[in-house]
*Asks:* 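Take a look at this one; I'll ask things after.
Note that ligands are numbered from 1 as they come in the structure, with each ligand's atoms numbered from 1 the same way. No experiment lies behind these values; they were computed from the predicted model shown.
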Amino acid sequence: MGPGAHPRYSIFRSDHEQHLTSFAEEVERGLASSPRSIPCRFLYDEAGSQLFEEICDVPEYYLTRAEREILEARADEIAGGFTGGPITLAELGSGSSAKTRLLIEGLLRSHGRLRYLPVDISPSILEESALDLLDAYDALEVRAIVSEYQEGLRHVHADAAAAKLVVWLGSSIGNLTRTEATSFLQGVRRALEPRDRLLVGIDLRKDRTLLEAAYDDAAGVTARFSLNLLTRINRELGGGFDLEAFRHRAVYDENEGRVIIDLVSQRPQGVRVDGLDLELVFDVGEAIHIEDSWKYSEAEIDALAARARLAVERRWLDSAGRFSLNLLAPC
Ligand code: AVJ
């Protein structure tokens with residue numbers, strides 16, 4: 001049975017216009033500007049999403065394993081914090097991962113049944129993961145919300161008669177600047193009642209060696225993930241990028257707490273992008289900025305939460321102390 005016909009499944013499609021600019025527009029603007037940059041959301045085409053899954057398994061990329069370790073140890077404790085009536089679990093981002101299952105299982109153990117509201121812009125990802133979850137858990141009800149996060153949260157807010165746990169895993173917050181992260185959490189805060197909680201995974205500041213290896217693994221998976229952006233430009237926009245002539249680079253700026261990811265031209269070169277009627281000239285060493293991954297100290301997480309009128313009620317670290325899972329309460 002497809003998810004559309006499942007008695008415990010429903011889907012809500014936000015009719016709000018998405019104001020996201022297109023790949024073509026962003027590439028045209030980003031490659032012409034100085035320094036050159038392309039927003040990191042374009043890394044996730046089909047091949048890029050596949051490569052990101054692979055990144056999560058490389059030995060140097062500790063984030064996914066660390067967060068899973070915390071959830072394995074703490075899912076019951078997190079679930080047990082919600083006493084009394086029914087509970088709604090809302091997740092920002094796709095819920096296909098093993099990590100979400102740990103929480104779902106914990107909440108089913110403590111509450112018997114669960115309403116799960118995954119919010120994602122991709123209906124196919126939502127439907128696929130919903131069907132898996134509905135097959136696995138008889139006491140689970142899924143309402144998928146096809147929407148951007150902030151708009152989706154308004155729907156979550158309107159839907160939930162019960163106490164809700166909103167989760168945002170994977171240190172996705174790392175792609176936001178400190179200012180953007182603050183406004184994002186302020187938006188989440190508006191969807192929370194006093195009894196609700198936000199569970200957010202945040203990667204911690206740490207030794208440069210560990211961070212630079214995590215974002216430039218020896219097997220070259222992260223490099224392929226980055227370079228896939230040029231493959232995408234070549235395919236979708238008629239680009240002429242030579243993938244051998246650009247190199248993936250990850251540098252940690254300790255002051256800012258940010259891993260800066262660039263594609264660096266290995267020689268002086270001209271590149272045409274036919275679809276945009278663009279002629280580009282790259283100097284040797286010239287970079288295209290493609291991603292930032294911001295890291296936090298525990299004090300920075302406290303301050304971030306406070307700026308959004310949230311308080312860190314609990315914080316758990318993995319055994320190596322690299323990653324944090326934070327339970328935030330409205331205050
Ligand atoms: C998906 C933003 C959490 O910053 O660690 C991983 C993306 N980029 N390796 C991260 C990413 C290169 C990832 N986030």
*Asks:* Need the ligand 1 atom indices (1-based, order shown) with element for anything under 4.0 Å from a heavy-atom of S171.
*Replies:* 3 (C)

*Asks:* Heavy-atom distances under 4.0 Å decide this one: backbone, side chain, both or neither, for W294 against ligand 1?
*Replies:*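 The answer is neither.
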
*Asks:* Between L204 and G321, which heavy-atom pair has the shortest distance, and what is it?
*Replies:*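 The pair with the smallest heavy-atom distance is CD1-O, 3.7 Å.
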
*Asks:* Residue-level breakdown please: for V259 versus ligand 1, do any non-hydrogen atoms fall below 4.0 Å on the side chain, on the backbone, on both, or on neither?
*Replies:* neither

*Asks:* Heavy-atom distance under 4.5 Å between the side chains of R68 and T64, does that happen here?
*Replies:* yes

*Asks:* Is the Lys NZ or Arg CZ of R232 less than 6.0 Å from the centre of F23's six-membered ring, within 45° of the axis?
*Replies:*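 Yes, R232 and F23 form such a contact.
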
*Asks:* Please report which non-hydrogen protein atom sits nearest to atom 13 (C) of ligand 1, along with the residue it belongs to and the distance in Å to one decimal place.
*Replies:* Y61 OH, 3.4 Å

*Asks:* Where the closest heavy atom to atom 3 (C) of ligand 1 is concerned, which of A223, A214, G170 has it?
*Replies:* G170

*Asks:* Grouping I, L, V, M, F, W and Y whenever their side-chain heavy atoms are under 4.5 Å apart, do Y116 and I87 come out in a common cluster?
*Replies:* yes

*Asks:* Kindly confirm or rule out an N or O of T222 lying under 3.5 angstrom from an N or O of ligand 1.
*Replies:* no

*Asks:* Would you mind listing which atoms of ligand 1 come within a distance below 4.0 Å of any non-hydrogen atom of N175?
*Replies:*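 This gives 2 (C) as the contact atoms.
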
*Asks:* Within a distance under 4.0 Å of any heavy atom of S293, pick out the atoms of ligand 1 and give their elements.
*Replies:* 4 (O), 5 (O), 10 (C)

*Asks:* Could you list the atoms of ligand 1 found under 4.0 angstrom from a heavy atom of L63?
*Replies:* 5 (O)

*Asks:* For the salt bridge (Lys or Arg N to Asp or Glu O under 4.0 Å) test, which of R74, K99, R322 pairs with E67?
*Replies:*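 By the salt bridge (Lys or Arg N to Asp or Glu O under 4.0 Å) criterion, E67 pairs with just one of R74, K99, R322: K99.
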
*Asks:* Measure the shortest side-chain to side-chain distance between F282 and I288 over non-hydrogen atoms and say whether it is less than 4.5 angstrom.
*Replies:*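 Side chain of F282 against side chain of I288, heavy atoms only: contact under 4.5 Å found.
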
*Asks:* Run the numbers for me: atoms of ligand 1, each under 4.0 Å from some heavy atom of Y44, listed by number.
*Replies:*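 The atoms of ligand 1 under 4.0 Å from a heavy atom of Y44 are 1 (C), 7 (C).
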
*Asks:* Hey, is the main chain of Y252 close enough, under 3.5 Å, to the side chain of R208 for a donor-acceptor pair?
*Replies:*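 Yes, the answer is positive, given that a donor and an acceptor are paired below the 3.5 Å cut-off.
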
*Asks:* K295 to ligand 1: N or O pair under 3.5 Å?
*Replies:* no

*Asks:* Which of the atoms in ligand 1, numbered in the order shown and given with their element, are less than 4.0 Å from a heavy-atom of E291?
*Replies:* 7 (C), 8 (N), 11 (C), 12 (C)

*Asks:* Assigning hydrophobic clusters by single linkage (Ile, Leu, Val, Met, Phe, Trp, Tyr; side-chain heavy-atom cutoff under 4.5 Å), is I78 placed with L192?
*Replies:* no

